[in-house]
Student: 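Quick one: this structure, given as structure tokens, is what I'll be asking you about.
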Amino acid sequence: MVEAMVRGWRAQQAARGLREDTVTARERLVRRFLEYTNEYPWAWAPGHVDEWSLWLTSEKHLAPSTIRSYQGSLRLFSEFLIDGRYGWSVACEDAFGTHPVTICHEWNTIAHLNDYEGRPEARPFTREEIQHFLDYADDQVERAVRAKRKGALAAYRDATLFKVIYGWGLRRTEASKLDVVDFGRNAKAPQFGRYGTLNVRYGKAKKGQPPRRRNVLSVMDWAVEAVADYVENVRPRFGCEDHPALWVTERGGRVKPAEINARFVAYRDALKLPKALTVHSARHSYVTHLTEDGVDRRFLQQQVGHENDSSTAIYTHVSDDFMNTMLHKALAPALAPIPADKDR
């Protein structure tokens, strides 16, 4: 009966067009809850969710957003079972003399009250920190070349990769899945040649939906120069002409997000930068620094692929100098001297 329920739920989600990995993750979560309770779904009660949520919080130390996602998956499965259109309540009543009930409600699930639920210590790079980081990445290339050791190509690739993440405001996964052909021309910025725009094909998806695509316009000339040099002079030396990936490995594969993270952590720790800085901090820095430079917020919202301006606002951590400049501009009309009356 349990297996039939899970198969039916999987079919329902597939009929809605949800992605296979989303459906599989939800099914895995339901099976974990089954194992935790050691009870069949027709014997589940709200108290089981209470105990499980407490365990996830106190023992597993999961983030509230993660626990809410788990609770949401359970809610969906529970609602599927009690929906009269699928007949599971009648089938369970006939077979076991009981039936599934609602186990997730407003009193035992976490509400989504805040736009941002990340770690409070998370922040972007300062301009000095990002420059220091990128300079260090370049230094690793020079050191490898001088030492005539293997790894110079990989170091050059990674130095360019970090420049692209910052220079186009990308997420780690978005950057890892870029292909060479994703760069294109922008008629409004002919000075960038074939690197005037970047087609991000694997943007962050809504729950269960396919990746969202977006075009990011190039705005940093030094970043364009870096990626152009890599594509034209360095990438061909990997010997992977037929591979579509922008970031290729020495074994002919595609660089994975975990490899990006590992190299980032190695550089960050070598520089003794705060551990609060992550690969994603470079994306936050892109928004923050362009905001300080006077770039329009709506333009930045489109660049980073946010549906709501509030999400872009969360990414913005402008410096004290910028805030003080804005304060002076705001106060200028009130503090301006009153012009003398011409008739006096």
Student: Would you say the ring centroid of Trp247 lies under 6.0 angstrom from that of Tyr230?
Tutor: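 Aromatic pair counts; centres sit under 6.0 Å.
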
Student: Check the side chains of Gln140 and Tyr267 for a donor-acceptor pair under 3.5 angstrom, ignoring hydrogens and angles.
Tutor: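 Not at all, the side chains of Tyr267 and Gln140 share no donor-acceptor pair under 3.5 Å.
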
Student: Are Tyr195 and Trp168 near enough that their ring centres are under 6.0 Å apart?
Tutor: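 That pair fails the under 6.0 Å test.
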
Student: Anything under 30° is parallel, anything over 60° is perpendicular, the rest tilted; go ahead and classify Tyr36 against Phe33.
Tutor: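 Tyr36 vs Phe33 ring planes: parallel.
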
Student: Any ion pair linking Glu259 and Arg263 (charged N to carboxylate O, less than 4.0 Å)?
Tutor: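 No, this pair does not count.
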
Student: Is it true that a side-chain atom of Gln71 and a backbone atom of Ile110 form a donor plus acceptor pair closer than 3.5 Å?
Tutor: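 Between the backbone of Ile110 and the side chain of Gln71 there is a qualifying donor-acceptor contact (under 3.5 Å).
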
Student: Indicate yes or no: at least one non-hydrogen side-chain atom of Val248 is less than 4.5 angstrom from one of Arg235.
Tutor: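 Yes. Closest side-chain heavy atoms under 4.5 Å.
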
Student: Roughly how far, to the nearest 0.5 Å, is OG of Ser69 from CG of Leu62?
Tutor: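 Between atom CG of Leu62 and atom OG of Ser69 there are 10.5 Å.
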
Student: Side chains of Thr37 and Trp44: any donor to acceptor distance under 3.5 Å?
Tutor: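 Indeed, the side chains of Trp44 and Thr37 share at least one donor-acceptor pair under 3.5 Å.
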
Student: Heavy-atom count check: over 12 atoms from other residues, nucleotides or ligands less than 6.0 Å from Trp107 CH2?
Tutor: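 Not more than 12 within 6.0 Å, no.
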
Student: With distance as the sole test, does Arg283 use its side chain to make a donor-acceptor pair with the main-chain N or O of Gly169 at under 3.5 Å?
Tutor: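 Side chain of Arg283 to backbone of Gly169, a donor-acceptor pair under 3.5 Å: yes, one is there.
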
Student: Does Tyr136 have more than 12 heavy atoms from other residues, nucleotides or ligands lying within 6.0 Å of its OH?
Tutor: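 Correct, the count exceeds 12.
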
Student: Show the nearest heavy-atom pair for residues Met5 and Phe80, with the distance to one decimal.
Tutor: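 What the structure gives for the nearest pair is O-CE2, 3.6 Å.
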
Student: Any idea which heavy atoms bring Val180 and Ala245 closest together, and the distance?
Tutor: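 Looking at all heavy atoms of both residues, the closest pair is CG2-O, 3.8 Å.
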
Student: Within this structure, what is the CG-CH2 distance for the pair Asp83 and Trp9, rounded to the nearest 0.5 Å?
Tutor: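 Interatomic distance, Asp83 CG to Trp9 CH2, rounded to 0.5 Å: 14.0 Å.
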
Student: Would one find more than 12 heavy atoms of other residues, nucleotides or ligands at under 6.0 Å from atom CZ of Phe238?
Tutor: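 More than 12 heavy atoms, drawn from other residues, nucleotides or ligands, come within 6.0 Å of this atom.
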
Student: Cation-pi between Arg237 and Tyr156: NZ/CZ under 6.0 Å from ring centre and within 45° of the ring axis?
Tutor: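 Judged by the rule, Arg237 and Tyr156 form no cation-pi pair.
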
Student: Out of curiosity, Leu81 CG to Trp88 CH2, how far, rounded to the nearest 0.5 Å?
Tutor: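 Separation between the atoms: 8.0 Å.
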
Student: Glu174 pairs by salt bridge (charged side-chain N to carboxylate O under 4.0 Å, His left out) with which of Lys204, Arg214, Arg213?
Tutor: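 The single option meeting the salt bridge (charged side-chain N to carboxylate O under 4.0 Å, His left out) with Glu174 is Arg214.
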
Student: Would you indicate whether Asn38, at its atom CG, is surrounded by more than 12 heavy atoms from other residues, nucleotides or ligands within a distance under 6.0 Å?
Tutor: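 At most 12 heavy atoms, drawn from other residues, nucleotides or ligands, come within 6.0 Å of this atom.
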
Student: Atom OG1 in Thr126, atom CD in Glu128: separation rounded to 0.5 Å?
Tutor: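 Output value for this atom pair is 4.5 Å.
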
Student: Can you get from Ile82 to Phe77 by hopping between Ile, Leu, Val, Met, Phe, Trp and Tyr side chains that sit under 4.5 Å apart?
Tutor: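 No, no single cluster joins them.
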
Student: Under 6.0 Å from the CD atom of Glu232, do we count more than 12 heavy atoms belonging to anything else shown?
Tutor: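 Atom CD in Glu232 is crowded, with more than 12 foreign heavy atoms closer than 6.0 Å.
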
Student: For Asp296, is there an ion pair with Arg298 - N to carboxylate O distance below 4.0 angstrom?
Tutor: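 Here Arg298 does not pair with Asp296 in a salt bridge, since their nearest N and O are not under 4.0 Å apart.
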
Student: On a heavy-atom basis, which atom in Ser281 and which in Arg123 lie closest, and how many Å separate them?
Tutor: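 For Ser281 versus Arg123, the nearest heavy atoms are OG-O, 2.9 Å.
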
Student: Looking at every non-hydrogen atom in both residues, tell me the closest pair between Leu134 and Tyr166 and how far apart they are.
Tutor: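 Looks like CD1-CD2, 4.5 Å.
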
Student: Ignoring hydrogens and angles, tell me if any N or O in the side chain of His105 forms a donor-acceptor pair with the backbone of Pro46 under 3.5 Å.
Tutor: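 Not a single qualifying donor-acceptor pair exists.
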
Student: Rounded to the nearest 0.5 Å, what separation is found between the CZ atom of Arg171 and the CD1 atom of Ile165?
Tutor: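 Rounded to the nearest 0.5 Å, the CZ-CD1 separation comes out at 12.0 Å.
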
Student: Salt-bridged, Arg146 to Asp139, with N to O below 4.0 Å?
Tutor: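 Here Arg146 does not pair with Asp139 in a salt bridge, since their nearest N and O are not under 4.0 Å apart.
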
Student: Which heavy-atom pair separates Leu300 from Val287 by the least distance, and what is that distance?
Tutor: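 What the structure gives for the nearest pair is CD1-O, 3.8 Å.
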
